[in-house]
Amino acid sequence: MIKTELGGLLGRALEANRRGRLSTFITGPQSPAIAIFDPARVMQNLEGDWYGEHAGKWLSAAARAFARTQDLILGENLRRVAAYLIGRQDADGYLGTYAPERRFTVPQPPRPLSWNGEPALRTWDIWTHAYLMLGLLELHRAMPEPGYLDAARRIGDLCWRTLVQGGLNITTMGNHHGMSATVLLDPAADLYLATGEPRYLELAEAILAQANAHPELALLTKALAGTDAAEIATGKAYQLAWNLVGLAKLHKATGRAELKRAIEGLWANIREHHLSLGGGPFGGVANRSREVFNARGSFEPQAYIETCSTLAWIQLNRELLAITGEARYAEEIERSAYNDLLGALAPNGEDWCYYSFANGKRVHTTYWRCCKSSGAMALEELPPLAYAVTPAGALAVNLYGPSCVAATLPGAGLVKIEQHTRYPFAGLVCLRIADVERDGAKFALQLRVPSWAEGARLKLNGELSAVELKPGEHAQIERSWRKGDELCLELPMAIRTHRRVHQNTQESRAPDGSPVAQQVLYHAWLALTRGPLVYATPLIDGFKTEETIRLPEVADWLSELPAAPDAEGPEIEMRLGYRAPLKFSPYYRTGGREDGAWRLTWLSLAPEEAPKS
């Protein structure tokens, strides 16, 4: 048993999300996102839209919020919505929004592949059912009533009959060369893990086999071959990351080593080449298809981060953290949460950015947009990830910020720990043992040492600890713990600079065979971080969206400014010497989190002067 309560910046975001999106967007069968499941409307729906996804996303996020808070109104809304949806489910298990002739169960004639891989009319029907399965499974975990799991099973059975028995190919059921349909791998594997019924594992294996046999997708083959994420299908970030979540769950179900290798390889590729500084998948530059990974080696500050893609990236790291326990996956979750996720959320908990720009205007998206539900879902991923009990019985601290946790540990019974800190604004993190059922019991605490925290120190009850602290890894402290013990981690929060380059070098050979290389494009940018937070500035001088800067030769050109009385965390002042200083604040709140505010994370660097002859 483990129960977590987050405070501070993340806790306030969760509370705003509960009071905002989760409590207002869907309240019952009359809500527009649920009313589209009305049989009369379904019979008329020939459009192939994706709006049915909101029901499953809301069920997932609201069920987690209810399990965490026991909000009675939210719980009643969940029951009424679920009862309505289950009542609308057809006898064969279908629970979508498409007219009968457009459903994924009906074979349709093939048509030529389009540039973004839309081979069929029923583009999003499987997608909606995938989210409904996940939502019903999450609701079953929060409120273990048979009807919710049974409804998810009926969807799974329909998919099994269609794909396994009926022989329909799932890659013909979605766009991006089938990736928007093969996401069914996630709920299929999840359903198997929840029930242990072999046909759901058979369904998951069939989905992977069909995805791998499709030449444009070839998911497993390309992943194992080291193919860049931008070159798998269309490179659609959201769909590809969600497919990898399903692959990870299939690995958990089967233990197949090649699945883990494939996931870890693509994770490393995305982490190294396709993430923004704020931890969201970076895309949308020079591609016809929106929301796809940028070509490897390209960099453009005006590229964007889709909030849906940030959700899928957090979920992928969630699965890899569960499989391996490695600190790097927890660090990626934290980086995404404190920067690109919170940077897309408005303080009211209702408004979200569809796209966030490292350099660009903040734009709150409209009522129906997918990212509003994805952002709400991503926030509710965080509380269960903050702490974890490892297979060896240690308590791992994965996310830092004010919080408390109650966990049952082998040999110690119920242990309650409070995390006192001003993190992510300050680097002192103190864990106080609030209670131990068996006072004096021996158990281990694992503290994550961030990769940026060179020189971190650890103190136990005020005394410096000799435990080795390796950046990017967990430090383990095993001892007999008593109520009142305090373990404090001191994380240096130096200002760090980051550089990105967009360059192009033409390579060829001269007539004599010797290599010739000429650089034809080179553009460099600089950005700032402090601890886990990315920093940004508003429009430079109040109106400029870009400015080329030349870095000074002095050592103290960057410094912290005390936080304003109404602000969290320090600002950073950049003194270049030849112009007025520039001020940077944490990216998530730059511009006051208001619709239309500008955030500039990357500043263009002036070309280096050629050496004088």
Side-chain angles (χ1 to χ4, degrees), residues 110 112-120 123 126-127 130 159-160 163-164 167-190 192 200-275 281 283 287 289 291-297 309 312-313 315-317 319-320 323-324:
L113 289 174
S114 66
W115 59 267
N116 73 334
E118 292 180 324
T123 308
I126 279 280
W127 176 275
C159 294
W160 178 78
L163 299 172
V164 178
L168 268 68
N169 191 305
I170 196 168
T171 61
T172 68
M173 300 176 185
N175 65 2
H176 297 281
H177 301 300
M179 279 204 303
S180 65
T182 56
V183 296
L184 185 67
L185 180 59
D186 175 8
D190 210 32
Y192 171 72
Y200 303 133
L201 180 58
E202 187 180 12
L203 171 62
E205 294 280 18
I207 293 166
L208 177 57
Q210 292 178 1
N212 204 46
H214 190 55
E216 288 79 12
L217 178 50
L219 180 62
L220 185 57
T221 298
K222 288 184 178 180
L224 289 171
T227 303
D228 188 81
E231 298 172 5
I232 296 178
T234 60
K236 182 74 158 61
Y238 182 11
Q239 273 89 328
L240 180 56
W242 190 6
N243 272 267
L244 295 179
V245 171
L247 212 59
K249 288 184 181 177
L250 185 58
H251 166 73
K252 287 160 70 173
T254 65
R256 288 166 53 193
E258 75 274 14
L259 301 182
K260 183 171 178 283
R261 288 200 308 274
I263 304 157
E264 289 179 327
L266 267 176
W267 179 91
N269 172 263
I270 295 169
R271 171 64 181 81
E272 182 68 21
H273 301 289
H274 296 293
L275 287 187
N287 288 289
S289 181
E291 302 128 10
V292 303
F293 287 119
N294 298 329
R296 180 169 170 173
S309 300
W313 177 245
Q315 290 175 323
L316 176 57
N317 281 278
E319 293 302 316
L320 285 167
I323 291 169
T324 68

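Source: prediction; values computed, not measured.
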**Prompt:** Do the side-chain N and O atoms of Trp160 and Glu202 include a donor-acceptor pair separated by under 3.5 angstrom?
**Reply:**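 Trp160 vs Glu202: donor-acceptor pair found between side chains.
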**Message:** Is it the case that the side chains of Asp228 and His274 hold a donor-acceptor pair, with the cut-off being a distance below 3.5 Å and no angle test?
**Reply:**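 The criterion, which ignores hydrogens and geometry beyond distance, is satisfied for Asp228 and His274.
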**Request:** Under the side-chain contact (heavy atoms from CB on, under 4.5 Å) rule, collect the residues that match up with Thr324, sequence neighbours excluded.
**Result:**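 Here the qualifying residues are Lys260, Glu264, Glu326, Tyr329.
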Reported [atom1]-to-[atom2] distance for the pair [X] and [Y], which is rounded to 0.5 angstrom:
X	Y	atom1	atom2	value
Trp267	Glu272	CH2	CD	9.5 Å
Leu184	Leu208	CG	CG	12.0 Å
Lys236	His176	NZ	NE2	5.0 Å

Minimal non-hydrogen separation, [X] against [Y], with atom names:
X	Y	answer
Ala206	Val164	CB-CG2, 3.9 Å
Trp242	Ala312	N-CB, 4.1 Å
Leu168	Gln210	O-NE2, 3.3 Å
Ala189	Ala204	N-CB, 4.1 Å
Asn294	Ala230	O-CB, 3.6 Å
Leu217	Ala233	CD1-CB, 4.0 Å

**Request:** Quick one: do Ile232 and Phe293 satisfy side chain to side chain contact (heavy atoms under 4.5 Å, CB included)? Show the steps, please.
**Result:** CA-CA 10 Å; Ile232 296 178; Phe293 287 119; over 6 Å; no
**Asked** Given Leu185 and Leu203, is the side chain to side chain contact (heavy atoms under 4.5 Å, CB included) satisfied, shown in steps?
**Response** CA-CA 8 Å; Leu185 180 59; Leu203 171 62; over 6 Å; no
Report all side-chain donor-acceptor pairs from residues 244-251 shorter than 3.5 Å, counting only partners two or more places apart or in another chain.
residue	atom	partner	partner atom	Å
Lys249	NZ	Asp186	OD1	2.6
His251	ND1	Arg256	O	3.0

Donor-acceptor pair, distance only, cut-off 3.5 Å: does the side chain of [X] make one with the backbone of [Y]?
X	Y	value
Gln239	Ser180	no
Ser309	Pro281	no
Thr221	Ala218	no

**Request:** Kindly assign one of parallel, tilted or perpendicular to the pair Tyr238 and Trp127, based on the angle between their ring planes and the thresholds 30° and 60°.
**Result:**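 Answer is perpendicular, since the angle exceeds 60°.
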**Request:** For the residue pair Leu240 and Leu219, establish whether any side-chain heavy-atom pair is separated by less than 4.5 Å.
**Result:**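 Yes, their side chains come closer than 4.5 Å.
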**Validation row: Asn269, Thr227 side chains within 4.5 angstrom (heavy atoms)** =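 The answer is no; the side chains never approach within 4.5 Å.
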**Prompt:** Salt bridge check: are Lys222 and Glu231 linked by an N-O gap of less than 4.0 Å?
**Reply:**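 Glu231 and Lys222: not salt-bridged.
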**Message:** What verdict does the side chain to side chain contact (heavy atoms under 4.5 Å, CB included) test give for Met173 and Leu163, after you've listed the backbone C-alpha separation in whole Å, the side-chain angles of each residue and the deciding distance to 0.1 Å?
**Reply:** CA-CA 11 Å; Met173 300 176 185; Leu163 299 172; 3.6 Å; yes
